[in-house]
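Worksheet: the structure to be examined is printed underneath.
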Amino acid sequence: MKILCQMALATLCLCLLSHARADAQVEYPNRPIRIVVGFTPGGGNDIIARIFGQKLSESLGQPVIIENKPGAGAILATEYVARSAPDGYTLLVGASGAMVINPAVYEKLSYDTMRDFKPVSELGAFPLILIVNAASPIKSLADLVAYAKANPDKANYSSSSAAFQLATELFKQKTGVPMQMIPYKGANDSVTAVISGDVTATIADAGPVTSQVNGGKARALAVAAPKRAESLPDVPTMKEAGADVEAVLWSGIFVPAATPPEIVSRLEAEFIRIARLPDVVSRLKLLNIDSVGNSAEEFSRIIAADLERWKVVARAGNIRIAQ
């Protein structure tokens with residue numbers, strides 16, 4: 001009898017747990033959702049958050065609040081979400097800089113991308129473009145490689161973050177060019193340094209680059225992506241130009257690791273759907289951002305591969321940041 005009672009109690013507990021999980025799934029969300037962004041308002045990641053946040057609010061019937069927490073290369077925002085309640089009400093727009101570049105270059109981090117987060121979906125991809133001054137005698141990727149090797153004391157590049165530095169470091173390692181890094185505060189400043197002739201070249205995302213190239217102030221040599229950029233269709237990829245280099249930055253949605261699978265699946269489906277809406281695709285395209293919206297599984301594979309790749313590049317280039 002005692003054993004039967006214990007079995008009945010165990011069955012009842014399982015039923016209650018199952019009903020509770022089902023109720024939680026039905027009820028989610030029943031209050032506002034926050035999307036945390038590790039950058040100031042107006043930048044690419046912030047705009048992505050607001051575009052997707054508006055659509056998510058319309059679909060789920062709850063307010064979606066964009067919360068900007070800039071600082072320390074998005075480390076502050078990332079660790080904040082890692083420590084948040086895993087209930088699906090605090091999401092992170094995680095850029096590749098914070099999620100896969102920082103782990104490669106920082107000696108210590110307060111979060112671990114694989115341990116502390118569940119990827120939901122990649123939202124946007126940022127193809128990187130290598131440029132020089134429009135008046136420069138360097139007219140191709142081969143010209144840049146030849147110039148840098150012939151002038152190791154003069155060849156340099158501007159960089160505004162570890163992400164752009166590692167992308168350029170990858171280019172250096174693949175081509176054997178000796179180029180010194182000159183730090184700048186932002187991507188626009190890096191591009192301006194090329195235009196003013198202060199540095200030889202830079203690798204930056206298409207946002208600050210395209211208008212300068214189309215305006216005749218900068219010359220694009222190659223796109224560090226698997227395919228050509230729609231905004232610059234005549235510019236070859238790095239592979240087409242002779243260098244086996246791919247460096248695409250991305251932004252995606254993450255939740256704390258212990259978030260229930262049914263909530264992660266609900267959010268995954270929503271963000272995949274939103275990423276494919278024609279007006280979302282067109283709005284991002286105006287910003288030179290490729291709308292993605294892949295599955296959590298596919299996004300996880302990309303993250304794992306990028307973590308390993310950038311660690312190898314940072315180690316080979318002896319790039320470390322003490323914190």
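Everything numeric here is computed off the predicted structure, so don't read it as measured data. When reading the values below, keep in mind they use all heavy atoms of this one structure, side chains included, and skip hydrogens, waters and symmetry mates.
- Taking the side chain as every heavy atom from C-beta outward, V132 and D143 never approach each other to under 4.5 Å.
- S96 contributes no side-chain N or O that, together with a main-chain N or O of L249, makes up a donor-acceptor pair within less than 3.5 Å.
- Annotation: side chain of T200 is not in contact with side chain of K154 (no heavy-atom distance under 4.5 Å).
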Could you give the side-chain donor-acceptor pairs of residues 31-39 under 3.5 Å, partners two or more places apart or in another chain?
residue : atom : partner : partner atom : Å
R31     : NH2  : D87     : OD2          : 3.0
R34     : NH1  : E67     : OE1          : 2.9
R34     : NH1  : Y80     : OH           : 2.6
R34     : NH2  : Y80     : OH           : 3.2
R34     : NH2  : T90     : OG1          : 3.1

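- The only member of V145, L166, D244, V313 that meets side-chain contact (heavy atoms from CB on, under 4.5 Å) when paired with F171 is V145.
- No single ILVMFWY cluster, assembled from side-chain heavy atoms under 4.5 Å apart, contains both L128 and V191.
- Under a hydrophobic clustering in which Ile, Leu, Val, Met, Phe, Trp and Tyr are joined whenever their side-chain heavy atoms come within less than 4.5 Å, directly or via other members, V245 and L141 fall into the same cluster.
- Legend: ring-ring contact (aromatic ring centres under 6.0 Å, His included) pairs involving residues 271-306, not counting sequence neighbours, sorted by first then second residue: W250-F299, F254-F299.
- The salt bridge (charged side-chain N to carboxylate O under 4.0 Å, His left out) search around R50 returns D46, not counting sequence neighbours.
- A heavy-atom distance below 4.5 Å is not found between the side chains of E262 and R266.
- The shortest side-chain heavy-atom distance between P70 and L76 does not fall under the 4.5 Å cut-off.
- Distance alone, capped at 3.5 Å, is enough to place a donor-acceptor pair between the N133 side chain and the I195 backbone.
- In this structure, N102 CG and I321 CD1 are separated by 7.0 Å, a value rounded to the nearest 0.5 Å.
- Rounding to the nearest 0.5 angstrom, the gap separating the CZ atom in F126 from the CG atom in D205 is 7.0 Å.
- Between M99 and L92 there is a side-chain heavy-atom pair separated by less than 4.5 Å.
- Using a 4.0 Å cut-off between a side-chain N of Lys or Arg and a carboxylate O of Asp or Glu, K311 and E308 do not qualify as a salt bridge.
- Neither V223 nor V248 shares a network with the other; the hydrophobic side chains, linked directly or stepwise wherever heavy atoms of I, L, V, M, F, W or Y lie under 4.5 Å apart, form separate groups for each.
- P119 and V264 make their closest contact through O-CG1, 4.4 Å (heavy atoms, listed as atom of the first residue, atom of the second, distance).
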side-chain contact (heavy atoms from CB on, under 4.5 Å) between K118 and V120, intermediate numbers included: CA-CA 6 Å; K118 277 186 180 178; V120 176; 5.7 Å; no

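- Under a 3.5 Å cut-off, the side chain of S160 and the backbone N or O of K185 do not form any donor-acceptor pair.
- Closest approach of P178 and P152 over heavy atoms only: CG-CB, 3.7 Å.
- Remark: D116 CG to L109 CG distance equals 10.0 Å, nearest 0.5 Å.
- Side-chain contacts under 4.5 Å among hydrophobic residues (ILVMFWY), followed directly or transitively, place V312 with no other residue at all.
- Y111 contributes no side-chain N or O that, together with a main-chain N or O of T78, makes up a donor-acceptor pair within less than 3.5 Å.
- Residues A82 and F117 approach most closely at CB-CZ, 3.6 Å, considering heavy atoms.
- The two residues P208 and A187 have their closest heavy-atom pair at CG-CB, 4.0 Å.
- By the 4.0 Å N-to-carboxylate-O rule, E246 lies close enough to K239 to be salt-bridged with it.
- Note on E298 versus R301: no salt bridge recorded, every NZ/NE/NH1/NH2 to OD/OE distance being 4.0 Å or above.
- Here the closest non-hydrogen pair linking Q173 and G317 is NE2-N, 3.5 Å.
- Contact check for T168 versus M181: no side-chain heavy atoms found under the 4.5 Å cut-off.
- Interatomic distance, E169 CD to W310 CH2, rounded to the nearest 0.5 Å: 10.0 Å.
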Got a list of side-chain donor-acceptor pairs under 3.5 Å for residues 224-235, not counting sequence neighbours?
residue : atom : partner : partner atom : Å
R228    : NE   : E240    : OE1          : 2.9
R228    : NH1  : P233    : O            : 3.0
R228    : NH2  : E240    : OE1          : 3.3
E230    : OE1  : K285    : NZ           : 3.3
S231    : OG   : T210    : OG1          : 3.4
S231    : OG   : N288    : OD1          : 3.1

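- No donor-acceptor pair under 3.5 Å is formed between the side chain of E122 and the backbone N or O of V292.
- The closest donor-acceptor contact from the side chain of S59 to the backbone of L56 lies at 3.5 Å or more, if one exists at all.
- At a threshold of 4.5 Å between side-chain heavy atoms, the hydrophobic network of Ile, Leu, Val, Met, Phe, Trp and Tyr places I302 and I289 in one connected group.
- Taking the side chain as every heavy atom from C-beta outward, I131 and T202 approach each other to under 4.5 Å.
- At a threshold of 4.5 Å between non-hydrogen side-chain atoms, the residues L144 and Y157 do not count as touching.
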What's the verdict on side-chain contact (heavy atoms from CB on, under 4.5 Å) for Y184 and T192, showing C-alpha distance, side-chain angles and the deciding distance? CA-CA 10 Å; Y184 284 82; T192 300; over 6 Å; no

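- R320 meets the salt bridge (charged side-chain N to carboxylate O under 4.0 Å, His left out) test with no other residue; sequence neighbours excluded.
- Checking side-chain atoms of S57 against main-chain N and O of Q62 turns up a donor-acceptor pair under 3.5 Å.
- Going from atom CG of N156 over to atom CG of N151 covers 11.0 Å, rounded to the nearest 0.5 Å.
- The number of heavy atoms from other shown groups lying within 6.0 Å of CD (E58) is above 12.
- Under a hydrophobic-cluster definition in which Ile, Leu, Val, Met, Phe, Trp and Tyr are linked whenever side-chain heavy atoms come within less than 4.5 Å, directly or via other members, V194 and M238 are assigned to different clusters.
- Rounded to the nearest 0.5 angstrom, S190 OG and I203 CD1 are separated by 11.0 Å.
- A314 and A104 make their closest contact through CB-O, 3.5 Å (heavy atoms, listed as atom of the first residue, atom of the second, distance).
- Here the side chain of S159 pairs a donor or acceptor atom with the backbone of Q165 at under 3.5 angstrom.
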